[in-house]
2 protein chains.
Amino acid sequence: MADPSTCPPLTRASVLAAHAAIKPLIHRTPVATSTTLSAFASAPQRDDELEGASGKTEAKPPAAKPTMRLFFKCENQQRVGAFKARGAFHALSRLSDEQLARGVVTHSSGNHAAALSLAARTRHIPAYIVMPSISTPSKIAATRGYGARIRFSGSTAPEREAVVRDVIAETGALLVPPYDHPDIVLGQGTLAVEFEEDVASMVKGEGGVGARGAYGRRGGKGLDAVIAPCGGGGMLSGIATALGGTGIRVFGAEPSFQGADDARRGLLSGSRIPAVSSLTIADGVRTPVGEIPWSVISDPEKVKGIFAVSEEEIKKALRLLMERMKVFVEPTAALGLAVALYNEEFRRLVEREAGEEGWNVGVVLSGGNTTMEALAKLYGPAE
Amino acid sequence: MADPSTCPPLTRASVLAAHAAIKPLIHRTPVATSTTLSAFASAPQRDDELEGASGKTEAKPPAAKPTMRLFFKCENQQRVGAFKARGAFHALSRLSDEQLARGVVTHSSGNHAAALSLAARTRHIPAYIVMPSISTPSKIAATRGYGARIRFSGSTAPEREAVVRDVIAETGALLVPPYDHPDIVLGQGTLAVEFEEDVASMVKGEGGVGARGAYGRRGGKGLDAVIAPCGGGGMLSGIATALGGTGIRVFGAEPSFQGADDARRGLLSGSRIPAVSSLTIADGVRTPVGEIPWSVISDPEKVKGIFAVSEEEIKKALRLLMERMKVFVEPTAALGLAVALYNEEFRRLVEREAGEEGWNVGVVLSGGNTTMEALAKLYGPAE
């Protein structure tokens, strides 16, 4: 992968350049709206919901009543079913033919592996994916389906990294990490460029997917804020970089379960938390924030806040996205809506800062890669 | 409801008039495409799939290899989450103010009840929905949520019809049946008008939702065929009416389970089958075809064939729609794709008639009203 010291700076201009480079290779995913979910977000939470969230019953302040018009960026419709295609295509676009010829390698086995495999196949180069030999057969088959060459390893991080080193020694392949690299950050940020443009034309009444005239009354004003999931932080830092100077506020969403809210806790303690061990259902964000994303996320001018939600809240938001909005998404994609609907701290912030006029809030639906069996486990009678 | 003898004739012109009448009240739902699913439809079925379908292993003809480019009409994104909104809005548009003032009543408690309730609320008139007192609380709450006045009855058809008669005697409300009425047929047919127009502009490369240039190579040619689920037959007969004279072939899709393929069997025997008792997972089509829809469906000039699929095939198609296309739909909506992918009789027909050039096949995703719990039952470990 390109040496970080030779990478473009983390600026809006660099994201725009990244977007120009990858535009022919990715989908411009639709922006959807939902009158029902916007109404839910703009109504105060019921007392029982607030109790469920805090675990306390005594001395609550009245529930916040923010005004939010929600817009959803449907990256579940992106190639390989997740925003990760953006970063992978961008990373490869910055390599020389000579570098490309040796192939690429990664030790991630989720959406990033699929994205890297697709991007490599498009460039007719090999992608080596290192994954634990105990991975489920369906996951192995899916990764192979994208044309990747799979190398098996043990399950721990050191074991996987050792196999990556072997692959590099053997083939000269370049390591493309899932998030901790400027080219990945800039690539993921490209979704914000489209999101900003498309919402602006929707509120101007110029149409756009899902625009039904309901948002025309506020004239030319586009997005006021964006909420995106934060795992390794590649996407969140990319969005914040893309929207630098636009006045659009950027917020992160994390699960609170088993300490997966490492970015939120890192901001509180003043330093990045380097390790996370959580089995949150939002399996796309079980990782700690990387160093390069952290340099953006920890800047209060760039990211205005990180908010955490419970597993139950993620499940409730996921259900609403499916049953009400009819979009098929993975649990991680429900984080942003869960914050908008259930995090009182965020809701009070919107009530206070947006006032009666309210905000146009962009929610990033990060991906759609889950299975019927995984959903059956979440919502079946055993649960 | 309007006396059928005063209704417009079942012609394309009447559907176009219906579309003009309801256009401001309904969503123009998107048309989606999927390279992956088109590729699946255009590959021969594997031997094990064919065996599973026929239950036989001996002396099979080689698997058909039709060429199909699939287009999906996303009525799961329609108001109330199903195409039924079209018929309900159209039925009310044809009533006088005096008729409307008395309100409307129906004994269906699924998507039609929701659609009628919404249409009635929009006109500020009461909708009386007769439903069995043993209905699930969530279904009762959902129907109430659309503003309907619920009247409880026993579970059998005669018991429900008796309560409908009581409501009519008491209020003068007009009965709006779920499918067996010309105004309903014409209303449902409006989806085909949009489908035809939108695919035509997609293949011309004029854009459209989900169009990504992949369909431009065939010039100005639009849809060659449409497959739609067939229950009461309101939608299928409406589509066939709408597309009369266009040359676009119309096909129906039914479940074979417990005789739910009554339209297919009726065509074979030469007369409509008046009763069905099936618990197919495609719960939107558990009803027999109505008399008025049958007058269209039984005309071989209008509907070119009806094909049946197994419960397993519906489940496989539903999984593909969700996991691959990322659309959230109800099992009934998977019928058309199941026919395209798994019904060898249909696939041989396309291979034979479409030849190497293939067909642009429109598949109607009829609705998206299911729950996470219902899906967990279909795909959970107990199944």
Side-chain angles (χ1 to χ4, degrees), chain A residues 24-36 74-82 138 142 145-146 207-214 315-316 318-331 333-334 365 367-383, chain B residues 24-36 39 74-82 138 142 145-146 207-214 315-316 318-331 333 365 367-383:
Chain A
L25 299 163
I26 57 164
H27 293 326
R28 188 173 186 112
T29 54
V31 174
T33 59
S34 164
T35 314
T36 306
C74 298
E75 287 291 295
N76 62 323
Q77 298 279 357
Q78 187 49 267
R79 295 186 75 182
V80 307
S138 67
Y146 285 110
V209 179
R212 289 166 188 142
K315 273 182 67 175
K316 283 197 289 181
L318 181 64
R319 175 196 292 277
L320 290 171
L321 288 166
M322 299 233 196
E323 294 183 357
R324 300 296 185 114
M325 257 187 83
K326 320 294 183 195
V327 293
F328 190 80
V329 291
E330 57 191 73
L365 303 180
N369 292 328
T370 185
T371 63
M372 304 311 286
E373 286 71 18
L375 293 173
K377 249 187 222 168
L378 288 181
Y379 296 94
E383 191 64 22
Chain B
L25 299 163
I26 57 165
H27 293 327
R28 187 173 188 113
T29 54
V31 173
T33 60
S34 163
T35 314
T36 306
C74 299
E75 287 291 296
N76 63 323
Q77 298 280 358
Q78 187 49 269
R79 295 186 75 182
V80 309
S138 67
Y146 284 111
V209 179
R212 290 165 189 143
K315 273 181 66 175
K316 282 197 291 181
L318 180 64
R319 175 196 293 277
L320 289 172
L321 288 166
M322 298 231 196
E323 292 182 0
R324 299 298 184 113
M325 258 188 81
K326 321 294 182 192
V327 294
F328 190 82
V329 291
E330 57 191 73
L365 303 181
N369 292 327
T370 185
T371 63
M372 305 311 286
E373 285 73 18
L375 294 173
K377 252 188 219 168
L378 288 181
Y379 295 95
E383 192 61 23

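Each chain gets a letter, A, B and so on, in the order the sequences are listed, and its residues count up from 1. All figures in this text were calculated on a predicted structure; none of them were measured in a lab. Just so you know, these numbers use all the heavy atoms, side chains as well, and skip hydrogens, waters and symmetry mates.
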Q: If you compare all heavy atoms of B:E323 against all heavy atoms of A:M372, which two are closest, and at what distance to 0.1 Å?
A: OE2-N, 2.9 Å
Q: Taking the basic N atoms (NZ, or NE/NH1/NH2) and the acidic carboxylate oxygens, is any pair closer than 4.0 Å for B:K326 and A:E330?
A: no
Q: Is B:T370 in contact with chain A via its backbone, its side chain, both, or neither, using a 4.5 Å heavy-atom distance?
A: backbone
Q: Going from CZ on A:R324 to CG on B:N369, what distance comes out if it is rounded to the nearest 0.5 angstrom?
A: 9.5 Å
Q: Can you give me the closest heavy-atom contact between A:Y379 and B:E373, atom names plus distance?
A: O-CG, 4.0 Å
Q: Which residue out of A:L318, A:T36, A:V327, A:L321 racks up the most heavy-atom pairs below 4.5 Å with chain B?
A: A:V327
Q: How would you list, by chain and number, every residue that makes a side-chain hydrogen bond (donor to acceptor under 3.5 Å, both in side chains) with B:T29, sequence neighbours excluded?
A: B:K73, B:E75
